[in-house]
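As the structure is a computational prediction, the values presented were derived from the model and not from experiment. Note that these values count all heavy atoms, side chains included, but never hydrogens, waters or copies made by symmetry.
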Amino acid sequence: MKQSVRVLCYCVGLTVLTSTVVIACGPFFPWQLLDNRKQTLLDLPSTDTFSQKIKNLGVVTAQEKQNLFSADNVNLLASEQTTCPNTDEAYKKAATLFHDKQWEEARSAFALLAYNDKNAAQQVCAKYTLGRIEKELGHFEDAVQSFNGTAYLVANGAPDPLHLGIAAYGEAAGVILDQIGKRITTPYNPKDDSGGITLWNVGGVKEDSLLQLQRAVELYLKQVKLGENSGLSSIVIILKGLSDPKNPDAKLLLDQAVHNPLLRKILLAYVLTDEIDYRTYSKEQTQNILQAFVKAGIDQKNHYDDLGSLGAFAYQNNDMDKAQVFAQYDWQKNQKALDAWVLAKIALRKGDKEKGQEFYHQAIAHFNDGSLRKDNIQRVQGERAVLTLSQGNFVQALEELWPVRDSYWGDVVYLAENVLTPDELKRFVNIHTTVPRDRQAVCDQEVSNENYYDQDTDKYYGYNLAGRSMALRHLLARRLMRAGRIQEAIPYFVTSADANCKGIPQHVQLERDYIKATTDMRRSFWATDRAKAAWKAAVILRRHGMALMGTSGYPDQNPGDYAYGISQMMGPVHNSNNKPWSVSTEQVRTGASWPIPNHRFHYRYLAAQDVLYAASLIPHQSQAYAAILCHANGWMQDTSNYGSPPAIYYYPNSDSYESAEEHAQVSLWKNSSYANAKSVALYNLYLKNGPVVSFATHFGYNCPEPQFGAVTKVKRDLFWKKLRSSFHFLKGQ
């Protein structure tokens with residue numbers, strides 16, 4: 001925990017200290033479900049958001065909501081107010097008695113002021129201070145009443161420039177807590193930002209301890225409902241102390257708390273949360289809470305309405321028998337999506353995929369019951385698709401994954417690019433996507449700039465992992481290009497801006513140029529023309545290969561405007577945890593779909609092949625021969641020097657950061673070695689056959705454009721030279 005802003009309020013110099021723990025919350029959302037399918041299907045992620053769950057439990061009146069407000073939200077000027085305004089002489093005399101710790105006299109003086117309504121703001125200060133005095137005197141119940149009375153005055157319209165009304169709820173709760181336990185705050189050290197942590201130890205349990213605990217929690221819940229974050233932190237402190245397995249008094253009170261409807265809900269929200277800032281408990285504490293719930297058992301007299309959450313809790317703690325009992329009981333009684341989700345995972349642990357699939361369908365059918373929050377609803381849909389994939393139903397898996405494509409785009413890419421055949425993907429794209437019309441879209445954007453528009457969300461996105469409909473169309477287009485089905489690919493490159501172009505859109509012209517170049521390099525009559533066409537095709541690939549045929553996943557990690565790719569996995573064979581959850585056909589399809597060569601920027605190697613083809617068609621003594629080899633050598637050097645970010649490589653062990661980093665370095669080294677070998681081969685070819693040229697000393701850098709127009713003269717000169725050599729040979733005979 002972090003110590004944060006301390007709000008200081010003074011009533012005529014009487015210090016009121018309220019400590020708040022402010023923590024930024026940021027739950028981790030899984031990136032790809034298919035990276036580790038065993039973990040995806042058998043592990044249960046957190047099912048509750050602690051802060052939201054707690055906010056929903058607080059109860060406030062309309063007057064409290066209107067007139068009480070959190071010190072977290074006050075403006076700076078109000079926060080700087082340190083004295084009770086417009087105090088009279090009687091108040092100042094009472095304050096002096098307080099400073100001198102003359103508690104009885106101060107109590108009498110402030111009691112008179114607290115019931116004098118001539119100055120409402122002063123009355124609020126007096127009532128609050130009276131609560132502090134009664135606490136010092138050991139009149140704890142009177143102190144609680146005074147603090148609650150402070151909040152009541154403010155809720156009913158009394159001025160509260162010092163924001164004592166909402167603070168009073170926390171003070172009242174603290175007084176109650178101190179009667180059933182002990183709060184200890186370690187000193188805060190600003191040098192190393194340590195300390196400042198409050199702990200609560202449960203004391204001897206009395207007959208009314210549970211009731212008092214509920215009273216304190218209800219007051220903190222009021223603060224939370226009204227936007228005071230210190231209330232949340234205070235509840236966490238209570239729950240942490242209540243679940244202390246080393247404190248027998250805490251265990252006794254915990255056994256009682258699990259039967260209390262309010263405390264039961266808070267405990268479940270506490271252990272099922274994924275908000276890191278509020279997960280301050282240990283595994284021992286979790287087990288202690290679980291055992292308390294198990295000990296309580298299922299008693300229909302208690303009318304429990306949260307056994308589904310308890311089933312999830314038991315599942316997360318690997319107590320499958322209890323998870324089955326609780327989830328099955330709640331499913332039969334309430335039929336909640338959470339119950340079906342837990343039962344689906346239990347079925348999969350037993351190897352029953354059909355039953356698991358049935359429960360996934362049931363969970364999705366009951367999404368509207370409110371037992372799952374939005375991210376878990378998407379997770380359930382994604383998990384069902386993973387299970388469908390494991391049964392060999394590839395197209396159906398993509399159908400089920402498509403509604404949650406924004407959350408699991410990497411998985412969509414894997415299925416679309418590696419598992420479905422091009423024809424299966426083409427049919428899917430034709431059914432599920434269209435090119436939207438947009439009159440405001442700008443024509444002739446840069447070819448490499450993928451600004452997608454998704455008719456499903458009706459918003460523009462750069463390539464920020466959204467705009468999926470157009471992204472999938474472009475993925476199909478590039479895949480068809482890689483398969484040599486270039487004419488089929490062109491319609492899927494269409495953008496929403498094309499209709500606004502007066503002439504031919506830039507990308508369309510590029511595609512036409514590439515088609516013409518690849519056609520001419522094979523069909524032109526003259527060898528020099530074939531070489532020129534091959535060179536043009538190579539240049540197009542080098543400059544625009546990512547947009548034309550780059551893979552969205554492995555190995556190219558086509559990023560569009562997103563610089564680090566999508567962390568696409570290689571396939572199920574690369575992770576032993578995936579083997580039980582895939583069929584052999586998937587692995588065969590995955591291997592067959594990878595580009596050749598299977599290296600990042602694979603199109604650069606294809607460009608280099610086109611250069612080699614062009615070089616075979618022109619004289620080795622020509623400048624064009626040396627120039628095109630120089631360019632190709634530079635392309636390979638650029639590729640070998642490219643520092644690919646580790647995120648683009650598949651991590652074989654997703655639980656180990658070190659292992660992932662090591663694998664990334666190995667992958668990078670292999671990629672660099674392959675490109676470097678190609679670079680060396682191109683340079684050696686030039687050394688063996690090429691002419692002496694001025695740029696030979698910096699071969700691969702600052703290469704000139706090839707002069708194909710001079711090739712004809714070189715050919716003619718070579719012809720006459722060869723002819724003269726033949727005449728000399730005949731003359732010698």
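Listed here is the closest heavy atom pair of Ser582 and Gln587: OG-NE2, 3.4 Å. Minimum heavy-atom separation, Val413 to Gly553: CG1-N, 3.8 Å. Closest non-hydrogen pair, Ile504 versus Gln509, comes out as CD1-OE1, 3.6 Å. The two residues Gly392 and Val583 make their nearest non-hydrogen contact at CA-CG2, 3.9 Å. Of all non-hydrogen atoms in Ala531 and Ala614, the two that sit nearest each other are O-CB, 3.5 Å. Nearest heavy-atom pair, Val404 versus Gln381, reported as atom, atom and distance to 0.1 Å: CG1-OE1, 3.3 Å.
From Leu398, atom CG reaches atom CG of Leu415 across 5.5 Å, with rounding to the nearest 0.5 Å. In this structure, His698 NE2 and Cys703 SG are separated by 7.0 Å, a value rounded to the nearest 0.5 Å. In this structure, Leu401 CG and Leu389 CG are separated by 9.0 Å, a value rounded to the nearest 0.5 Å. Note that the CG atom of Asn430 and the NE2 atom of His432 stand 10.5 Å from one another [nearest 0.5 Å]. Note that CG of Asn36 is 9.5 Å distant from CG of Leu41, once rounded to the nearest 0.5 Å. To the nearest 0.5 Å, atoms CD1 (Ile377) and CD1 (Ile364) are separated by 10.0 Å.
For the pair Arg405 and Trp409, the cation-pi criterion (under 6.0 Å, within 45° of the ring axis) is not fulfilled.
In this structure, the side chains of Thr551 and Trp594 stay at 4.5 Å or more apart for every pair of heavy atoms. Side-chain contact between Lys532 and Lys536 is absent, with no heavy atoms from C-beta onward closer than 4.5 Å. Side-chain contact between Thr528 and Leu617 is absent, with no heavy atoms from C-beta onward closer than 4.5 Å. Annotation: side chain of Trp581 is in contact with side chain of Leu348 (closest heavy-atom distance under 4.5 Å). Put simply, the side chain of Tyr514 reaches to within 4.5 Å of the side chain of Thr518, judged on heavy atoms. Looking only at side-chain heavy atoms (C-beta outward), Thr47 and Trp341 come within less than 4.5 Å of each other. Counting only heavy atoms from C-beta outward, the side chains of Val435 and Tyr492 never approach each other to under 4.5 Å. With a 4.5 Å cut-off on side-chain heavy atoms, Arg523 and Arg530 do not count as touching.
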Candidate pair Thr590 and Asn418, rule side chain to side chain donor-acceptor pair (under 3.5 Å), full reasoning: CA-CA 5 Å; Thr590 300; Asn418 299 110; 5.8 Å; no
side-chain contact (heavy atoms from CB on, under 4.5 Å) evaluation trace for Arg478 with Leu548: CA-CA 6 Å; Arg478 294 192 298 268; Leu548 285 175; 6.0 Å; no
Verdict with supporting geometry, Ile490 and Ile515, side-chain contact (heavy atoms from CB on, under 4.5 Å): CA-CA 10 Å; Ile490 291 179; Ile515 290 174; 3.3 Å; yes
Steps toward side chain to side chain donor-acceptor pair (under 3.5 Å) verdict (Thr388, Gln396): CA-CA 7 Å; Thr388 299; Gln396 181 62 29; 5.9 Å; no
Thr495 and Asp498: CA distance, side-chain angles, deciding distance, side chain to side chain donor-acceptor pair (under 3.5 Å) verdict: CA-CA 6 Å; Thr495 72; Asp498 289 354; 3.0 Å; yes
Worked check of side chain to side chain donor-acceptor pair (under 3.5 Å) between Thr639 and Tyr605: CA-CA 9 Å; Thr639 304; Tyr605 302 104; 5.3 Å; no
Leu687/Phe699 under side-chain contact (heavy atoms from CB on, under 4.5 Å): CA gap, chis, key distance, verdict: CA-CA 10 Å; Leu687 290 178; Phe699 203 75; over 6 Å; no
side-chain contact (heavy atoms from CB on, under 4.5 Å) assessment of Asp556 paired with Tyr603: CA-CA 9 Å; Asp556 291 330; Tyr603 49 85; 4.2 Å; yes
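When the salt bridge (charged side-chain N to carboxylate O under 4.0 Å, His left out) test is applied to Arg542, the partners found at least two apart in sequence or on another chain are Asp638. With sequence neighbours excluded, the residues satisfying ring pair (Phe, Tyr, Trp, His ring centres under 6.0 Å) with His631 are Trp535. Qualifying side chain to side chain donor-acceptor pair (under 3.5 Å) partners for Arg479, counting only residues two or more places apart in sequence or in other chains: none.
Residue pairs meeting the salt bridge (Lys or Arg N to Asp or Glu O under 4.0 Å) criterion with at least one partner in residues 506-520, sequence neighbours excluded, are Lys516-Asp520. The salt bridge (Lys or Arg N to Asp or Glu O under 4.0 Å) contacts involving residues 482-493 comprise Glu417-Arg482, Asp423-Arg485, Lys426-Glu488, Arg485-Glu488, where partners must be two or more places apart or lie in separate chains. Residue pairs that meet the side chain to side chain donor-acceptor pair (under 3.5 Å) test with at least one member in residues 681-697, sequence neighbours left out, are Tyr625-Asn689.
Centroid-to-centroid, the aromatic rings of Trp402 and Phe428 come within less than 6.0 Å.
Side-chain N or O atoms of Arg349 include one that pairs as donor or acceptor with a backbone N or O of Leu42 at under 3.5 Å. When atom types are taken as modelled, the side chain of Gln707 and the backbone of Ala624 share no donor-acceptor pair closer than 3.5 angstrom. Between the side chain of Lys345 and the backbone N or O of Leu44, no donor-acceptor pair lies under 3.5 Å. Under a 3.5 Å cut-off, the side chain of Asn376 and the backbone N or O of Arg379 do not form any donor-acceptor pair. A donor-acceptor pair under 3.5 Å is absent between the side-chain atoms of Ser524 and the main chain of Trp526, judged by distance alone. A donor-acceptor pair under 3.5 Å is formed between the side chain of Tyr613 and the backbone N or O of Met521.
Salt bridge status for Glu383 with Arg37: absent, with no side-chain N to carboxylate O gap under 4.0 Å.
In summary, the side chains of Gln391 and Glu354 do not present any donor paired with an acceptor at a separation below 3.5 Å, with no hydrogens or angles considered.
Residue Lys353 qualifies as enclosed at atom NZ: its count of foreign heavy atoms under 6.0 Å is above 12.
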